[in-house]
Colleague: 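Encoded as structure tokens, here's the structure I'll be asking about.
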Number of protein chains: 2
Amino acid sequence: MKLTTKGRYAVMALADLANFNKANPVPLRDISFRQGISLFYLEQIFLKLKKHNIVRSIRGSGGGYILFKNADELKLSEIFFAVDEKVKTINCNKDSKKGCNGKLSKCITHNLWDELDLHINSFFENKKLSELTKTQNKKL
Amino acid sequence: MKLTTKGRYAVMALADLANFNKANPVPLRDISFRQGISLFYLEQIFLKLKKHNIVRSIRGSGGGYILFKNADELKLSEIFFAVDEKVKTINCNKDSKKGCNGKLSKCITHNLWDELDLHINSFFENKKLSELTKTQNKKL
DNA sequence: TATATACCCGAGTAAAATAGTCAAGATTAA
DNA sequence: TTAATCTTGACTATTTTACTCGGGTATATA
Ligand code: FES
Ligand code: FES
């Protein structure tokens, strides 16, 4: 059970963005440099973030990205959803009546994983991007 | 962020075991059949469970496995530990002062993932195997 | 208008992790 | 003895991840 780099980097990059977003758009090159993430990889990630209205882009010289919402309104769950980082603890098709491994009914552990799923997702649901930048600012 | 089959199957198999463990050892063939898990794969999993004293084995005809502890004393975290299903949300070496991506200090998101780690692990720490068999028994 | 700085987008690929298989052996009950 | 069962280490196919790359398009500014 681990996080993919896509989810991790998305949050990392957005936290960076939130910190430098005061007025001007932030180019990916800066984020890449500051966070040590490949520029090409960031491009891929930000394309998704843009499609899901997490960020807004400004093209051309002097361009870059800015947050679409305020950092204190942006939930981690939204970010994860945008980059396809999803929690998947159950094995079966949740909507179907059938269980995993082709069984006719749900398996013994189905409810457990369902509960776990809920437990984990509630973390992402309750966490805002701004909670990251605040601890960052405290240090300054 | 998903569960591996090893962790999932281990819990599934042990829940099955707990249900049929009344007096006699349960052979893997039965578990394999009931839960629809490859026998070979189960063998691999139970070897680990045995090494970590989750189950006890009885060889030979009429043999099989029995739980080492009572199901209400066996935490999911112990099971997961035994089969190497570990939660890994941070990217860096937790003990080192260095951060991920070769940075000299911990990254912006480090504390967040650490918190997440704790959040998830507390679920496994508080959940007992018996909580699975109980819901199962209710159905009967 | 030329140029440099950005974002845009689809494809491709290498490495790692996962999931599962297999063969040969050792024990023990019946 | 024989069949059932655990024991062990090695092996392999598949899938997923984590990138990389090439060739665009838009725009500020000199
Ligand atoms: S996880 Fe849903 S049936 Fe097994
Ligand atoms: S996760 Fe620990 S430094 Fe980034």
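First the proteins, then the strands, lettered A, B, ... as listed; each starts at 1.
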Colleague: Which class fits the ring pair B/Y41 and B/Y9: parallel under 30°, tilted 30 to 60°, perpendicular over 60°?
Modeller: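 Perpendicular.
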Colleague: Are any side-chain N or O atoms of A/S32 and backbone N or O atoms of A/I37, one a donor and one an acceptor, separated by less than 3.5 Å?
Modeller: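 Between the backbone of A/I37 and the side chain of A/S32 there is a qualifying donor-acceptor contact (under 3.5 Å).
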Colleague: How long is the line joining OH of B/Y65 and P of D/dA4, in whole Å?
Modeller: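 Rounded to whole Å, this separation is 17 Å.
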Colleague: Please tell me which of A/K51 and B/S38 maps to the more 5' nucleotide of DNA chain C, matching each residue to the nucleotide holding its nearest heavy atom.
Modeller: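 Going by which nucleotide is closer to the 5' end, it is A/K51.
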Colleague: Check the phosphate of C/dA19 against B/T5, side-chain N and O only, distance under 4.0 Å to OP1 or OP2. Yes or no?
Modeller: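 Checking C/dA19 against B/T5, a side-chain N or O does come within under 4.0 Å of OP1 or OP2.
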Colleague: Considering only C/dC7, C/dT28, D/dT8, which nucleotide approaches the side chain of B/E43 most closely?
Modeller: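 Within the option list, the nearest is D/dT8.
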Colleague: Take atom NZ of B/K48 and atom C1' of D/dT8, then tell me their distance rounded to the nearest Å.
Modeller: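 Value for this atom pair: 13 Å.
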Colleague: Can you measure A/Y41 atom OH to D/dT16 atom C1' for me and round it to whole angstrom units?
Modeller: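 In whole Å, D/dT16 C1' lies 11 Å from A/Y41 OH.
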Colleague: Within this structure, what is the CG-to-C1' distance between B/L42 and D/dT8, rounded to whole angstrom?
Modeller: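 Taking atom C1' of D/dT8 as the reference, CG of B/L42 is at 16 Å.
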Colleague: Could you state the CZ-P distance from A/R29 to C/dA6, rounded to the nearest angstrom?
Modeller: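 Taking CZ of A/R29 and P of C/dA6, I get 5 Å after rounding.
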Colleague: As a test of reading the structure: which of C/dA26, C/dC7, D/dT17 is closest to the side chain of B/K2, going by heavy atoms?
Modeller: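 The closest nucleotide is D/dT17.
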Colleague: What is the distance, rounded to the nearest whole Å, between atom CD of A/Q44 and atom P of C/dA11?
Modeller: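 Spelled out: CD on A/Q44 to P on C/dA11 is 13 Å.
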Colleague: Within 45 degrees of the ring normal and closer than 6.0 Å to the centroid, is that where the cationic atom of B/R8 sits relative to B/F80?
Modeller: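 No, B/R8 and B/F80 do not form such a contact.
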Colleague: Looking only at the side chain of A/S61 (C-beta and beyond, no hydrogens), which of the listed nucleotides D/dA4, C/dT21, D/dT27 gets closest?
Modeller: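 Output: D/dT27.
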Colleague: Counting only side-chain nitrogens and oxygens, does A/K50 get under 4.0 Å of the OP1 or OP2 atom of C/dC8?
Modeller: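 Result: yes.
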Colleague: More 5' along DNA chain D: B/M1 or A/G60, using each one's nearest nucleotide?
Modeller: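 Nearer the 5' end of the strand: B/M1.
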Colleague: Among C/dC8, C/dT21, C/dA29, find the nucleotide with the atom closest to the side chain of A/L47.
Modeller: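 Taking heavy atoms from C-beta onward, the closest nucleotide is C/dC8.
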Colleague: Under the 3.5 angstrom rule, does the side chain of A/H119 hit a backbone N or O of B/H119 as a donor-acceptor pair?
Modeller: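 Yes; at least one donor-acceptor contact below 3.5 Å.
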Colleague: Should B/S57 be listed as having a side-chain N or O under 4.0 Å from OP1 or OP2 of D/dT7?
Modeller: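 B/S57 to D/dT7 OP1/OP2: side-chain N or O found under 4.0 Å.
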Colleague: Please state whether the base of D/dT25 and the side chain of A/R59 form at least one donor-acceptor pair under 3.5 Å?
Modeller: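 It does, because a donor-acceptor pair links the side chain of A/R59 to the base of D/dT25 below 3.5 Å.
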Colleague: Starting from P on D/dC19, measure out to CD1 on A/I37 and report it in whole angstrom.
Modeller: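 Answer to the nearest Å: 9 Å.
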Colleague: If I take atom CD1 in residue B/I45 and atom C1' in nucleotide C/dT21, what distance separates them, rounded to the nearest angstrom?
Modeller: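 B/I45 atom CD1 is separated from C/dT21 atom C1' by 13 Å.
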Colleague: Looking at every strand, decide which applies to A/F46 at a 4.0 Å heavy-atom threshold: base, sugar-phosphate, or nothing.
Modeller: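 The residue A/F46 makes no contact with any strand.
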Colleague: Would a 4.5 Å heavy-atom cut-off, applied to side chains only, mark A/D114 and A/L118 as touching?
Modeller: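 Not touching, per the 4.5 Å side-chain cut-off.
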Colleague: If you only use heavy atoms from C-beta on, which nucleotide in D/dC19, C/dC7, C/dT18 is closest to the side chain of B/T4?
Modeller: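 For the B/T4 side chain, the nearest candidate turns out to be C/dT18.
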